[in-house]
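Please read the structure below before turning to the comments.
Since we're looking at a predicted model, the values are computed, not measured.
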Amino acid sequence: MRAISNRFIGLVLTAGLAIAASNSLDYTVRLAAGSDWVGDGGPARDSLLLQAEGVAAGIGGNVFISDAQTHRVREITAAGMVRTVAGTGRAGYSGDGGLATEAQLNAPYGLAVDAVGNLYIADLGNAAVRRVGRDGRITTVVGLPPLRAPRNVAVDGAGSLYVSDFDAQRVYRLTSSGAVSMVAGALNHPAAVAIDKSGAVYIGDTGNHVVRKVEGNVIRTIVEVTAATGLAFDSAGNLYVADAGGGQVIRVPTAGPYTTLPFAARDIAVAADSALYTTDGHLVRRAFSNGTNIVIAGRGDPARGDFGPAIEARLNNPSGVAVDAQGALYIADRDNHRVRRVDTRGVITTFAGSGIAGSDGDGGLAAAASLDRPARLSFDRGGTLYIDDRGNHRFRSVSPGGVIRTVDDMPDPVDTDAAGNRYFIDATFRVGRVDVDGGVAYLALDASIGLPTSLTVTAEGVVYITDIDGDRVWELAPVLVAPVSVVELVNSASLLAGPVAPGMLATLRGLKLRAPEIVFGKIIADILTVSEWEVVVLVPVELKEGPLEVDVRDEGVSQLRIAVTVTAASPGLFAVAVNEDGLLNSSDAPAARGSIVVLFGTGQGIASLPVQVRVGGYSSEVLYSGPTAGYPGLWQVNARVPGGYLAPGELPVSVSVGDSLSPSVMLSVR
């Protein structure tokens with residue numbers, strides 16, 4: 001890939017090690033627009049599914065659907081209503097022992113229901129299989145090790161659980177007593193798994209483009225397909241194959257030639273009445289063996305909510321925001337191909353864009369024109385709105401009268417308040433302010449804000465932030481607070497306290513030092529940067545594993561001691577990556593599947609421990625892992641974005657060094 005310049009690496013360090021000045025900025029947070037509406041409590045047909053992957057038939061006529069992109073499992077009742085049965089909508093790994101609706105999942109894929117109604121979930125991004133009992137509580141059944149990327153699950157008549165591990169190239173069996181064994185290995189990205197009445201195991205061996213049968217420790221191919229991502233049997237023993245790569249469903253009867261059904265499916269389940277249920281990413285269908293089918297879920301409007309309260313509306317990756325002179329809020333609703341307007345009463349409407357991606361409409365009303373993934377927004381002094389019509393590679397203007405035209409360029413987005421303070425979002429997705437005197441402070445954001453990507457500020461200093469991860473826009477009203485009072489030593493990339501590793505970049509925060517000296521045990525650390533409230537140091541490479549005290553001195557006098565633990569590795573990643581073409585990775589410049597990206601971090605240690613990268617729950621090929629020349633403590637990892645069935649979007653990326661796992665950062669993938 002293109003060489004990365006020293007100047008660019010310097011920018012990475014500057015972004016990752018940005019230092020708060022004499023004040024931190026606290027803001028009261030209010031939701032301005034957007035919600036997590038997906039249709040719960042209403043008709044399933046009108047619900048919203050963003051990445052419907054797995055499907056399983058329940059024992060009472062209900063159907064379960066996994067939506068990997070919203071990190072939820074949904075239930076469609078026999079009456080056609082929908083509700084969430086597991087997941088909060090935010091990626092994570094939490095909640096074991098509690099209600100599944102309050103637990104976090106991470107890209108759930110395959111589903112299975114046992115004879116008594118327990119629901120099993122292949123929690124792909126967490127490398128675990130979770131179980132939701134009849135009481136609605138969730139537990140982890142099996143995880144790391146041995147699992148790496150559980151893709152699908154099945155249950156046999158004896159209650160044994162079967163798991164296809166997409167990255168380990170294996171299928172495992174977990175008995176009701178908890179014993180784990182390997183059913184088949186030497187596969188090529190197994191995705192689907194099913195069990196027939198005799199106990200034989202069927203595997204969708206996607207990389208080899210076949211369905212294979214394991215019986216009596218013998219494995220054989222039974223049918224060639226493009227990519228079998230779902231398998232299911234009906235009561236007569238006929239096998240149905242969701243051939244996602246071939247855009248069809250294949251019926252393999254117990255005798256005679258197989259037939260095809262002409263619709264695409266990612267997964268398939270067979271109900272007690274022999275009806276087929278399939279997913280294709282956005283829709284759930286009920287189908288029959290003669291090929292007839294109807295959509296039963298997923299036709300919901302991703303831009304729902306016009307003419308109602310903005311905080312109940314649905315946004316789809318908002319990526320730009322602006323405020324007019326009257327105080328109305330404008331939102332670039334990127335993947336809905338619209339600009340939405342929230343008036344001062346809080347009512348949302350579509351201001352520009354028909355909702356269908358396109359480039360027509362110049363000279364007419366903006367609401368009837370076509371946009372394609374609008375991004376930045378800004379107003380000029382005359383009240384004209386400028387739109388970065390990113391997908392059309394041009395700029396559009398909308399006059400105060402509502403007429404849209406193509407223009408040559410935009411004014412920069414408004415990001416300066418009346419006092420001259422400038423606001424920004426850095427490469428680590430922190431929101432900051434540069435005061436008129438040059439001092440830098442960061443906004444203390446509410447934990448509800450997921451991934452800030454753009455902002456605007458009113459003359460009064462009220463900041464509006466688009467949260468592309470949560471599909472929301474937040475309003476922040478400033479409150480000046482005292483400097484941080486907690487003193488801590490954190491990983492300079494993840495900004496989290498914890499163990500330190502030899503050679504790691506560490507940041508001491510919360511203490512004002514004039515002439516600092518940081519001593520690890522008896523070794524004085526090299527200091528890289530100093531500001532009024534933070535000091536960045538290079539953890540000495542000579543340290544041995546175990547407990548240690550860090551002596552913080554100022555002008556030769558000890559100020560305090562901090563107890564730390566030294567480990568072989570304590571990885572953390574900066575929230576910044578470089579694509580193969582040399583561009584900074586972002587939602588506007590996503591990395592292609594199969595391409596190489598460069599990650600930056602610290603805390604890899606000095607031992608030669610194995611390094612693994614996971615993107616969206618899938619293992620990634622590591623081409624290089626090591627130091628960055630000329631930048632002590634900066635760790636560089638070159639990794640290939642997985643291809644195959646990796647879903648596009650904003651995906652979590654983590655790096656493990658030995659047994660130590662970094663917190664996730666986000667990578668945009670197309």
Side-chain angles (χ1 to χ4, degrees), residues 10 12-26 426 428 430 432 435 437-442 444 481-572 574 600-607 627-628 630-635 660 662-663:
V12 171
L13 271 177
T14 301
L17 304 178
I19 307 302
S22 58
N23 290 324
S24 64
L25 300 173
D26 195 17
D426 69 14
T428 64
R430 292 191 294 172
D435 298 331
D437 60 2
V440 178
Y442 284 88
V481 297
V484 62
S485 59
V486 176
V487 179
E488 57 183 354
L489 189 70
V490 300
N491 181 299
S492 295
S494 67
L495 300 179
L496 297 176
V500 300
M504 182 180 98
L505 294 173
T507 301
L508 177 73
R509 305 195 301 181
L511 196 63
K512 187 174 182 178
L513 302 172
R514 291 180 291 273
E517 188 177 66
I518 314 297
V519 184
F520 288 75
K522 297 181 179 179
I523 305 174
I524 300 175
D526 290 337
I527 293 177
L528 302 184
T529 64
V530 179
S531 74
E532 195 170 13
W533 293 100
E534 293 187 351
V535 179
V536 178
V537 302
L538 185 67
V539 176
V541 297
E542 303 92 335
L543 297 183
K544 305 298 182 183
E545 293 185 53
L548 187 72
E549 275 198 339
V550 178
D551 186 11
V552 180
R553 303 172 183 171
D554 192 28
E555 297 182 330
V557 179
S558 179
Q559 303 296 310
L560 81 160
R561 293 178 179 271
I562 301 174
V564 300
T565 300
V566 180
T567 58
S570 182
F574 292 105
F600 295 94
T602 193
Q604 80 274 27
I606 58 174
T628 305
Y631 294 90
L634 186 63
W635 172 34
S660 300
S662 75

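Here CG of Asn491 is found 7.5 Å from CZ of Phe574. Values are rounded to the nearest 0.5 Å. Between atom CG of residue Leu634 and atom OG1 of residue Thr602 there is a gap of 7.0 Å, rounded to the nearest 0.5 Å. For the atom pair CD (Glu534) and CZ (Arg509), the distance works out to 6.0 Å, reported to the nearest 0.5 Å. Interatomic distance, CD1 of Ile606 versus CD of Gln604, reported as 10.0 Å (0.5 Å rounding). Glu549 contributes atom CD, which lies 10.0 Å from atom CG of Leu560 (distance to the nearest 0.5 angstrom).
For Gln559, there are no side chain to side chain donor-acceptor pair (under 3.5 Å) partners, not counting sequence neighbours. For the side chain to side chain donor-acceptor pair (under 3.5 Å) test, residues two or more places apart in sequence or in another chain that qualify with Ser558 are Asp551.
Just one residue in the list Val539, Leu528, Val490 forms a side chain to side chain contact (heavy atoms under 4.5 Å, CB included) with Leu505, and that residue is Leu528. Val537 pairs in a side chain to side chain contact (heavy atoms under 4.5 Å, CB included) with only one of the listed residues (Ile518, Leu508, Thr507), which is Ile518.
Asp554 places a side-chain N or O within 3.5 Å of a backbone atom of Arg514 that can act as its donor or acceptor partner.
For the pair Gly601 and Ala493, the tightest heavy-atom approach, listed with the atom from each and the gap, is CA-CB, 4.4 Å. Residue Pro502 comes nearest to Val566 through the heavy atom pair CD-CG1, 4.1 Å, listed as atom of the first residue, atom of the second, then distance. Taking all atoms of both residues into account, the shortest heavy-atom contact from Pro499 to Ser570 is O-OG, 2.8 Å. In this structure, Pro571 and Pro663 approach most closely via the heavy-atom pair O-CD, 3.8 Å. The shortest non-hydrogen separation linking Trp635 to Thr628 is C-OG1, 4.0 Å. For the residue pair Glu517 and Ile524, the shortest heavy atom distance occurs at OE2-CD1, 3.6 Å.
Residues Val530 and Leu513 form no side-chain contact, since every pair of their non-hydrogen atoms from C-beta on lies 4.5 Å or further apart.
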